[in-house]
Amino acid sequence: GAGVSQSPSNKVTEKGKDVELRCDPISGHTALYWYRQSLGQGLEFLIYFQGNSAPDKSGLPSDRFSAERTGGSVSTLTIQRTQQEDSAVYLCASSWMSDRNTEAFFGQGTRLTVV
Amino acid sequence: AQSVTQPDIHITVSEGASLELRCNYSYGATPYLFWYVQSPGQGLQLLLKYFSGDTLVQGIKGFEAEFKRSQSSFNLRKPSVHWSDAAEYFCAVGATGTYKYIFGTGTRLKVLA
């Protein structure tokens, strides 16, 4: 596609429910990132995928968070048993390569509200 | 550990005035540096980036940034601000051996007519 697409754009869920957030990266991009943006906290790295390599999950805040990337393209971030502190904007980004000097292109994010 | 500091949480300027947004980083070698802008309800858009070479970098929308190794800074500047520049600005560093872009907490810019 023309850009990184994320869905849904907004999600309100009840505490304790599971949610799935979807990211469609730019076609051909081999690297895919998930970040979390909380108010006043900047962007927090969550997870990184590069091709067929094992993902770097070091930023996931707890074992309630998981992500997968199917066929090297679409990625899904899953949050189980959501808590109020999970409320944030979840941003997905993709880039051509895994090198750090490559620009990351961001989606518009999914705003998650846990009530 | 690498880190990025944006000391100004909010900045207000009048339209037509000059702008400087501060960014300081902590890193042991020459970093890769980025400035992104986020308009309300939008994703992040790259304004400019520094990898090596000329320390004054030109970006889109009339922005520029200067890498100063001695001050560990990468401040963003614009000579004349437009009302459409009102947004949140993020400085980021990419560090050796990692593909994790480290972001600052952002500076929210308000432009007065």
Side-chain angles (χ1 to χ4, degrees), chain A residues 1-10 21 23-26 29-51 53-60 88-111, chain B residues 1-10 21 23-53 57 59-60 65 67 74 87-108:
Chain A
V4 178
S5 177
Q6 292 187 245
S7 61
S9 55
N10 283 282
L21 312 180
C23 173
D24 283 282
I26 293 173
H29 279 191
T30 59
L32 186 147
Y33 309 78
W34 282 98
Y35 283 83
R36 178 168 68 176
Q37 184 179 19
S38 303
L39 192 63
Q41 298 298 313
L43 275 74
E44 175 189 7
F45 169 82
L46 297 178
I47 188 170
Y48 164 81
F49 296 90
Q50 164 57 9
S53 301
D56 179 346
K57 305 179 182 180
S58 62
L60 296 178
V89 176
Y90 290 82
L91 291 167
C92 177
S94 68
S95 64
W96 288 110
M97 300 180 295
S98 64
D99 294 353
R100 62 181 176 95
N101 60 340
T102 302
E103 171 188 350
F105 293 81
F106 283 82
Q108 295 189 356
T110 294
R111 180 175 297 279
Chain B
Q2 299 90 0
S3 65
V4 176
T5 301
Q6 292 181 249
D8 304 307
I9 299 174
H10 297 279
L21 303 182
C23 173
N24 293 95
Y25 66 89
S26 173
Y27 183 60
T30 300
Y32 290 179
L33 296 160
F34 308 82
W35 274 100
Y36 281 85
V37 60
Q38 185 180 35
S39 299
Q42 303 296 311
L44 277 72
Q45 180 185 21
L46 182 72
L47 285 176
L48 47 78
K49 57 191 176 185
Y50 172 78
F51 294 161
S52 64
V57 180
I60 63 171
F67 170 61
F74 189 57
E88 189 153 21
Y89 292 80
F90 292 92
C91 182
V93 61
T96 301
T98 176
Y99 30 73
K100 303 172 193 175
Y101 300 89
I102 308 300
F103 285 82
T105 52
T107 297
R108 186 171 297 277

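In the text below, chain A, chain B and the rest are named by the order of the sequence lines, each starting its count at 1.
Residues satisfying the side chain to side chain donor-acceptor pair (under 3.5 Å) test with A/Ser58, not counting sequence neighbours, are A/Asp56, B/Lys100. For B/Arg108, the salt bridge (Lys or Arg N to Asp or Glu O under 4.0 Å) partners at least two apart in sequence or on another chain are B/Glu88.
Contact record, B/Thr105 with B/Gln6: N-OE1, 3.8 Å, taken as the closest heavy-atom pair.
For B/Gln38, the part lying under 4.5 angstrom from a heavy atom of chain A is the side chain only. Using a 4.5 Å cut-off between heavy atoms, A/Leu43 touches chain B through backbone and side chain atoms alike. Of the atoms belonging to B/Tyr36, it is side-chain heavy atoms, and not backbone ones, that fall under 4.5 Å from chain A. For A/Ala93, no part lies near chain B; criterion is any non-hydrogen pair under 4.5 Å.
In terms of modelled atom types and a separation under 3.5 Å, the side chain of B/Trp35 and the main chain of B/Phe74 share a donor-acceptor contact.
Here the two rings, on B/Phe103 and A/Tyr35, have centers that are under 6.0 Å apart.
Your options are A/Gln108, A/Glu44, A/Gln6, and the one with the most heavy-atom pairs under 4.5 Å with chain B is A/Gln108.
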